[in-house]
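Naming: A, B, ... by sequence-line order, numbering from 1 per chain. Quantities reported herein were computed from a predicted structural model and do not represent experimental measurements.
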2 protein chains.
Amino acid sequence: MLRTIYLVEDDLDIASLVQFNLEKNGFEVRVFSGVAGVLPAAEKSQPDLFILDIMLPDGDGLDLSRDIRGSPGLVAIPIIFLTAKAEEMDRVLGLELGADDYVTKPFSPRELVARVKAVLRRLDQPALEALVSAGDLTIDPGAVKVMLRGQEIDLSATEYRLLEYLARRPGRAFSRDQLLQAVWQETRFVTPRSVDVYVRRIREKIEADPENPCYIVTVRGAGYRFEAPQ
Amino acid sequence: MLRTIYLVEDDLDIASLVQFNLEKNGFEVRVFSGVAGVLPAAEKSQPDLFILDIMLPDGDGLDLSRDIRGSPGLVAIPIIFLTAKAEEMDRVLGLELGADDYVTKPFSPRELVARVKAVLRRLDQPALEALVSAGDLTIDPGAVKVMLRGQEIDLSATEYRLLEYLARRPGRAFSRDQLLQAVWQETRFVTPRSVDVYVRRIREKIEADPENPCYIVTVRGAGYRFEAPQ
DNA sequence: CAATTATGTTACAGCAATGTTACAACCCGG
DNA sequence: CCGGGTTGTAACATTGCTGTAACATAATTG
């Protein structure tokens, strides 16, 4: 999907540099050299992201962002600020206008592109990032991290995916084949028995007593089920 | 259904920005600028979700969450934390306060709204497969689990399949051959008398008095029938 | 009431499902 | 190209399920 970015920047050197780099990365860029005209255009064409310089000849990027946040159709569109000085950055933070990120000049075009992608990626995946908790266990899908009583647990990629899949669907039993289908993408060359081995490995890491598991319980004849203990 | 969210945040700019965005998405928002008064109000009106800033003028959001988790009426209500720094996030996870998610400042209103929705959606996701109930007995086909007066009953795979088959068709009698056909796939090598044995085993596990069964009753000359007692 | 038939009950041998361990192939970063 | 970690499988161990037979008991019949 083609993403459109509104870049509001009066310095033409910077503007064309940024524009070039963003377009090279597959974004459509529309450049404004001042506050004027941004809001009406945005309300019409609904960009995917704003990059706002703070100091502009005909106004203030912060005021513009306030207008954006005040417009019902634009309130949710992410904003990245460009600031020349640290003090300005403090103002951005202080105002808590829902800035999604900020970059201080001088900046590298690559860094800015990376941040643009990060912000858009983050907004694409919000539902997947909510914490999953059960008993002493907390899974942070955003960080791809598992905590047990405050201690980080080291899991391999497959172990993590299997645990997350089960923990997101607590109380439901899944057959080995279902798990292979969901957690492994290629089910053809993988034995259902591999699931047993991975369940064992996870139990070793998260269960107080791996012989009497309370998180991933065996459902004889059916498969495995994740349970929130107690 | 109108969902009520308690927002505890001392920065009025942030609070009103969040309030505006949540209300725009159909939530009712009640704003508190500090810890004081939150708990009594919550115990009265039972909000659907808390959003807690961690640093507050008159206390600590973490302490407040501890109180929420300690109150019987509020223990299950989800909490999303607002944190200024990543280190604070680790504290949230480390303390095992049952956080459902966290958002670090600066955040975009859209992201926060998305996370609120994700948390609420996750909570009212019921088992996809409907429960089968009869008397003190509840069968959860999704979990492949049988509960008797709230206690989980341990059944073997065949015992479970037979009980589920009968319980889904209460009041109807089935011959041993019919049951073999339905519950066992291979009827050729199995004696009809095996059904008797399995009925006995199930009775031992679910009947108060296995000699006077009230769930699986014998229909002399015909087979067995499941009944909802009382 | 005895004979007959249907169902209940128990114990057990065989075996299928799962647990467990070790290992070879593989991948990936240094 | 080397070393550490990951991955999937095989092989063995173990658990407890499974179905049957044999006997016990209850219901039905004449």
Side-chain angles (χ1 to χ4, degrees), chain A residues 144 146 152-166 173-207 209-226, chain B residues 144 146 153-166 173-226:
Chain A
V144 191
V146 177
E152 181 168 355
I153 298 292
D154 189 48
L155 294 175
S156 82
T158 310
E159 288 161 11
Y160 176 85
R161 285 204 309 277
L162 177 57
L163 178 58
E164 189 194 325
Y165 184 84
L166 289 170
F174 295 92
S175 71
R176 289 167 179 71
D177 285 325
Q178 283 178 305
L179 293 172
L180 284 181
Q181 191 87 18
V183 177
W184 284 255
Q185 18 280 70
E186 259 316 332
T187 166
R188 278 173 293 189
F189 305 119
V190 183
T191 304
R193 300 304 313 286
S194 292
V195 178
D196 300 31
V197 177
Y198 274 92
V199 167
R200 164 71 180 174
R201 285 171 182 159
I202 294 171
R203 281 175 177 163
E204 295 245 288
K205 293 179 179 179
I206 69 171
E207 299 280 1
D209 176 9
E211 322 296 313
N212 288 55
C214 56
Y215 289 107
I216 301 183
V217 300
T218 303
V219 186
R220 204 157 230 280
Y224 296 97
R225 180 179 51 196
F226 186 93
Chain B
V144 191
V146 176
I153 299 293
D154 192 48
L155 295 175
S156 82
T158 309
E159 287 161 12
Y160 175 85
R161 285 203 309 277
L162 176 57
L163 178 58
E164 189 193 328
Y165 184 85
L166 289 171
F174 296 91
S175 73
R176 289 167 179 72
D177 285 324
Q178 283 177 306
L179 292 173
L180 284 181
Q181 190 86 20
V183 177
W184 283 256
Q185 19 280 71
E186 260 315 335
T187 164
R188 280 173 291 192
F189 304 120
V190 183
T191 303
R193 300 304 313 285
S194 292
V195 177
D196 300 31
V197 177
Y198 274 93
V199 168
R200 164 69 180 174
R201 284 171 182 158
I202 294 171
R203 281 175 178 163
E204 294 244 290
K205 292 178 179 178
I206 69 171
E207 300 280 2
D209 176 10
E211 322 298 312
N212 288 54
C214 56
Y215 288 107
I216 300 182
V217 300
T218 304
V219 186
R220 212 182 159 77
Y224 296 97
R225 170 166 42 109
F226 186 92

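- Of the possible polar contacts, none joining the R225(B) side chain to the V217(B) backbone as a donor-acceptor pair under 3.5 Å is found.
- Taking the C1' atoms of five terminal pairs at each end of the helix from dC1(C)-dG30(D) to dG30(C)-dC1(D), the two resulting helix axes are inclined by 30°, rounded to 10°.
- Distance from the side chain of T218(B) is smallest for dG8(C) among the nucleotides dG8(C), dG19(C), dT15(D).
- Judged by distance alone, with hydrogens and angles left aside, the side-chain atoms of S175(A) form a donor-acceptor pair with the main-chain N or O of Q178(A) at under 3.5 Å.
- When heavy atoms are screened at a 4.0 angstrom cut-off, V199(A) is found touching no nucleic acid atom at all.
- Remark: C1' of dC23(D) and CZ of R200(B) are 14 Å apart, rounded to the nearest angstrom.
- Heavy atoms of E159(A) sit nowhere under 4.0 angstrom from any nucleic acid atom.
- At whole-Å resolution of the value, CG in L162(A) and P in dT7(D) are 11 Å apart.
- Note on R201(B): a base of the nucleic acid sits closer than 4.0 angstrom, heavy atoms only.
- Residues R176(A) and V197(A) each lie close to DNA chain C; by heavy-atom proximity, the contact nearer the 5' end of the strand is made by R176(A).
- Residue-level contact check: Y160(B) touches neither bases nor backbone, having no heavy atom under 4.0 Å from any strand.
- dC17(D) atom P lies 7 Å from atom CG of D154(B), rounded to whole Å.
- Note on S194(A): a base of the nucleic acid sits closer than 4.0 angstrom, heavy atoms only.
- In the set dT21(C), dT7(C), dG19(C), dT7(C) carries the atom at the smallest distance from any side-chain atom of R220(B).
- Residue W184(A) has no polar side-chain atom (N or O) positioned under 4.0 Å from OP1 or OP2 of dT7(D).
- Comparing dT18(C), dT7(D), dA10(D) against the side chain of A157(A) picks out dT7(D) as the nearest.
- In the set dT20(D), dT9(D), dT7(C), dT20(D) carries the atom at the smallest distance from any side-chain atom of T191(B).
- Residue Y165(A) is tested with Y224(A), F226(A), Y160(A), F174(A) for a ring pair (Phe, Tyr, Trp, His ring centres under 6.0 Å); the sole match is F174(A).
- No hydrogens or angles considered: nothing links the side chains of R203(B) and Y215(B) as a donor-acceptor pair under 3.5 Å.
- In this structure, the CG atom of L163(B) is 17 Å from the C1' atom of dC17(D), given to the nearest Å.
- Atom CZ of R193(B) is separated from atom P of dA24(D) by 14 Å (rounded to the nearest Å).
- Among the protein residues, V219(B) comes within range of the sugar-phosphate backbone only, with heavy atoms under 4.0 Å from sugar or phosphate atoms but none that close to a base.
- Taking atom CG on D196(A) and atom P on dC12(D), their separation rounds to 18 Å, with Å as the unit.
- When each of E159(A), E207(A), E211(A) is checked for a salt bridge (charged side-chain N to carboxylate O under 4.0 Å, His left out) with R200(A), only E211(A) meets the rule.
- Here OG1 of T158(B) is found 12.5 Å from CG of L163(B). Values are rounded to the nearest 0.5 Å.
- Of the possible donor and acceptor atoms, one in the side chain of K205(A) sits under 3.5 Å from a partner among the backbone N and O of D154(A).
- Taking the six-membered ring wherever Trp is involved, the centroid distance between the rings of Y198(B) and W184(B) falls below 6.0 Å.
- Distance from the side chain of R203(B) is smallest for dG8(C) among the nucleotides dG8(C), dG19(C), dG8(D).
- Counting to the nearest Å, the C1' atom of dT21(C) and the OH atom of Y198(A) are 15 Å from each other.
- Distance E204(B) CD to dC17(D) P: 14 Å, rounded to the nearest Å.
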